[in-house]
Visitor: 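Below is one structure. I have some questions about it.
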Number of protein chains: 2
Amino acid sequence: MSKYRDDQIKQFAEIFKALSNPNRLRMFLHLVTCCVPGTVGSFDAEAGVSACVGDLGRDLDIVPSTVSHHIKELHRAGLIRMERRGQKIECWVDPVILRGLARFFEEPLTT
Amino acid sequence: MSKYRDDQIKQFAEIFKALSNPNRLRMFLHLVTCCVPGTVGSFDAEAGVSACVGDLGRDLDIVPSTVSHHIKELHRAGLIRMERRGQKIECWVDPVILRGLARFFEEPLTT
DNA sequence: TCGATATTTCGACATATATCGAAATATATA
DNA sequence: TATATATTTCGATATATGTCGAAATATCGA
């Protein structure tokens with residue numbers, strides 16, 4: 001039997017659903033490789049290591065309303081944080097959840 | 001930009017799609033906690049650390065045909081291996097893909 | 001060979017999802 | 001205040017998914 005509670009399993013399933021669309025996964029990877037505070041580059045509330053919605057849609061060949069929809073899904077799953085800064089809305093990856101996902105797949109290999 | 005090729009991104013998206021259904025995720029976790037050869041218990045082609053389709057459907061409250069469907073999805077995503085042994089079909093987690101998933105979420109935190 | 005057990009295939013159906021385009025909202029700047 | 005830029009909301013549509021039940025297939029044991 002699993003070490004995870006039922007609600008935790010549902011939460012992980014939500015996370016994986018958010019990452020199950022190739023375009024959404026690309027956005028997530030874009031953020032992961034540039035915008036994880038405290039790891040790749042330091043996060044400064046002023047400077048902000050992050051990307052706005054427009055940045056994430058570039059090179060993806062989908063219209064802004066679809067980008068917005070995908071970002072909302074990533075946010076709902078708890079994968080990213082968002083904050084308005086002027087006209088733009090900045091996004092970055094929540095490092096806590098990233099660590100939790102790493103452990104999810106690591107642990108069965110080490111225990 | 002991402003370190004992953006387009007086809008790799010699509011493959012990861014397939015994997016996450018396979019794990020995006022709570023029942024399927026439960027089956028995967030069941031296998032992960034009992035049937036990863038070389039880690040949790042040793043894998044022997046004769047003895048076999050694995051679970052059959054019936055085992056995986058137990059406690060899940062879904063009919064066998066649905067279990068079969070879900071297992072096929074996990075297999076198509078490359079997450080599990082299957083082999084007939086008598087009447088039963090045994091399943092176990094591919095440790096290589098598990099390692100790949102751990103790295104997928106680890107690496108942005110360590111580079 | 002017959003019956004029991006294990007699993008898959010097939011067809012159906014209800015629900016969810018990805019995407020678009022048009023219109024609305026928020027913010028900055030001239 | 002008017003205009004430009006950034007983003008969201010809404011409605012539509014085509015496609016995918018989860019689940020079931022019935023029927024088919026595979027294997028074992030009497």
Side-chain angles (χ1 to χ4, degrees), chain A residues 6 9-31 35 46 48 50-92, chain B residues 6 9-31 35 46 48 50-92:
Chain A
D6 196 68
I9 288 181
K10 283 185 189 140
Q11 199 194 340
F12 273 112
E14 284 295 317
I15 289 170
F16 295 136
K17 187 167 68 177
L19 298 177
S20 73
N21 175 274
N23 280 332
R24 225 152 41 211
L25 184 55
R26 286 184 191 101
M27 291 183 203
F28 177 74
L29 285 174
H30 179 115
L31 288 172
C35 318
E46 288 305 306
S50 55
C52 68
V53 175
D55 295 337
L56 293 172
R58 223 174 314 290
D59 314 322
L60 240 53
D61 224 37
I62 49 181
V63 301
S65 61
T66 302
V67 175
S68 176
H69 163 72
H70 283 323
I71 286 177
K72 199 161 55 178
E73 292 296 304
L74 290 173
H75 184 252
R76 282 202 321 145
L79 286 162
I80 65 173
R81 311 273 201 96
M82 311 172 64
E83 191 177 298
R84 180 175 280 277
R85 196 160 305 170
Q87 285 172 291
K88 303 183 174 184
I89 296 199
E90 302 287 318
C91 310
W92 65 96
Chain B
D6 196 67
I9 288 181
K10 283 185 188 140
Q11 199 194 338
F12 273 111
E14 284 295 319
I15 289 170
F16 295 135
K17 188 168 68 179
L19 299 176
S20 73
N21 175 273
N23 280 332
R24 223 150 46 210
L25 184 55
R26 285 185 191 101
M27 293 184 201
F28 177 75
L29 285 174
H30 179 117
L31 288 173
C35 318
E46 289 305 306
S50 56
C52 70
V53 175
D55 295 336
L56 294 173
R58 223 176 313 291
D59 313 322
L60 240 53
D61 223 37
I62 48 181
V63 301
S65 60
T66 302
V67 176
S68 175
H69 164 71
H70 283 322
I71 285 177
K72 199 159 55 174
E73 293 296 305
L74 290 173
H75 184 252
R76 281 201 323 143
L79 287 162
I80 65 173
R81 310 273 199 98
M82 312 173 64
E83 191 177 300
R84 180 175 278 278
R85 197 161 302 173
Q87 285 172 288
K88 303 184 174 184
I89 295 200
E90 301 288 319
C91 309
W92 65 96

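Chain identifiers are assigned alphabetically (A, B, ...) following the order of the sequence lines, protein sequences preceding nucleic acid strands; residue numbering begins at 1 within each chain. None of these values were measured; they are calculated from a predicted model.
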Visitor: Of all residues at least two apart in sequence or in a different chain, which pass the salt bridge (Lys or Arg N to Asp or Glu O under 4.0 Å) check with A:Arg76?
Guide: A:Glu73
Visitor: Atom pairs, N/O to N/O, protein against nucleotides 24-30 of chain C, distance under 3.5 Å?
Guide:
{"residue": "C:dT27", "atom": "O2", "partner": "A:Gln87", "partner atom": "NE2", "Å": "3.3"}

Visitor: For B:Arg24 and D:dT17, is the shortest distance between a side-chain N/O and OP1 or OP2 below 4.0 Å?
Guide: no
Visitor: With sequence neighbours left out, write down each residue that passes salt bridge (Lys or Arg N to Asp or Glu O under 4.0 Å) with B:Asp59, or none if nothing qualifies.
Guide: none
Visitor: Could you state the interatomic distance from CG (B:Leu31) to CG (B:Leu74), rounded to the nearest 0.5 Å?
Guide: 7.5 Å
Visitor: Rounded to whole angstrom units, what separation is found between the NZ atom of B:Lys88 and the P atom of C:dT7?
Guide: 7 Å
Visitor: Hey, could you give me the OG/CG distance between B:Ser20 and B:Leu25, rounded to the nearest 0.5 Å?
Guide: 9.0 Å
Visitor: Show the distances under 3.5 angstrom between N or O atoms of the protein and N or O atoms of nucleotides 20-22 of chain D.
Guide:
{"residue": "D:dC20", "atom": "OP2", "partner": "B:Val63", "partner atom": "N", "Å": "3.1"}
{"residue": "D:dC20", "atom": "OP2", "partner": "B:Thr66", "partner atom": "OG1", "Å": "3.2"}
{"residue": "D:dG21", "atom": "N7", "partner": "B:Ser65", "partner atom": "OG", "Å": "3.4"}
{"residue": "D:dG21", "atom": "O6", "partner": "B:Ser65", "partner atom": "OG", "Å": "3.0"}

Visitor: Nearest 0.5 Å, what's the CG-CD1 distance between B:Asp55 and B:Ile89?
Guide: 12.5 Å
Visitor: What is the distance, rounded to the nearest whole Å, between atom CZ of B:Arg58 and atom P of C:dT5?
Guide: 13 Å
Visitor: Within residues 68-76 of chain A, which residues have any heavy atom lying less than 4.0 Å from an atom of DNA chain D?
Guide: A:Ser68, A:Lys72
Visitor: Just by modelled atom types, is the B:Lys17 backbone N or O under 3.5 Å from a matching donor or acceptor in the B:Arg24 side chain?
Guide: yes
Visitor: Holding to ring pair (Phe, Tyr, Trp, His ring centres under 6.0 Å), I want the full list of residues that pass it with A:Phe28, two or more places apart in sequence or in another chain.
Guide: none
Visitor: Between the side chains of B:Arg85 and B:Glu83, is the shortest nitrogen-to-carboxylate-oxygen separation below 4.0 Å, so that they form an ion pair?
Guide: yes
Visitor: Quick check: do B:Leu60 and B:Val67 have side-chain heavy atoms less than 4.5 Å from each other?
Guide: no
Visitor: How far does CD1 of B:Ile71 sit from CG of B:Leu56, to the nearest 0.5 angstrom?
Guide: 4.5 Å
Visitor: Please determine if a side-chain N or O atom of B:Lys17 lies less than 4.0 Å away from the OP1 or OP2 oxygen of C:dT17.
Guide: no
Visitor: What is the distance, rounded to the nearest whole Å, between atom CZ of A:Phe16 and atom P of C:dA16?
Guide: 21 Å
Visitor: Under a 3.5 Å cut-off for both distances, is C:dG11 Watson-Crick or wobble paired, and to whom?
Guide: D:dC20
Visitor: Can you see if the side chain of B:Asn23 gets near the phosphate of D:dT19 - specifically, an N or O under 4.0 Å from OP1 or OP2?
Guide: yes
Visitor: Can you check the A:Leu25 CG to C:dT17 C1' distance for me, whole Å?
Guide: 16 Å
Visitor: With the side chain counted from C-beta on, respond yes when B:Ile62 and B:His70 share a heavy-atom pair under 4.5 Å apart, and no when they do not.
Guide: yes
Visitor: Can you tell me how far C1' of D:dT7 sits from CD1 of A:Ile80, to the nearest Å?
Guide: 14 Å
Visitor: Could you check how far CD1 of B:Ile89 sits from P of D:dC28, rounded to whole Å?
Guide: 12 Å
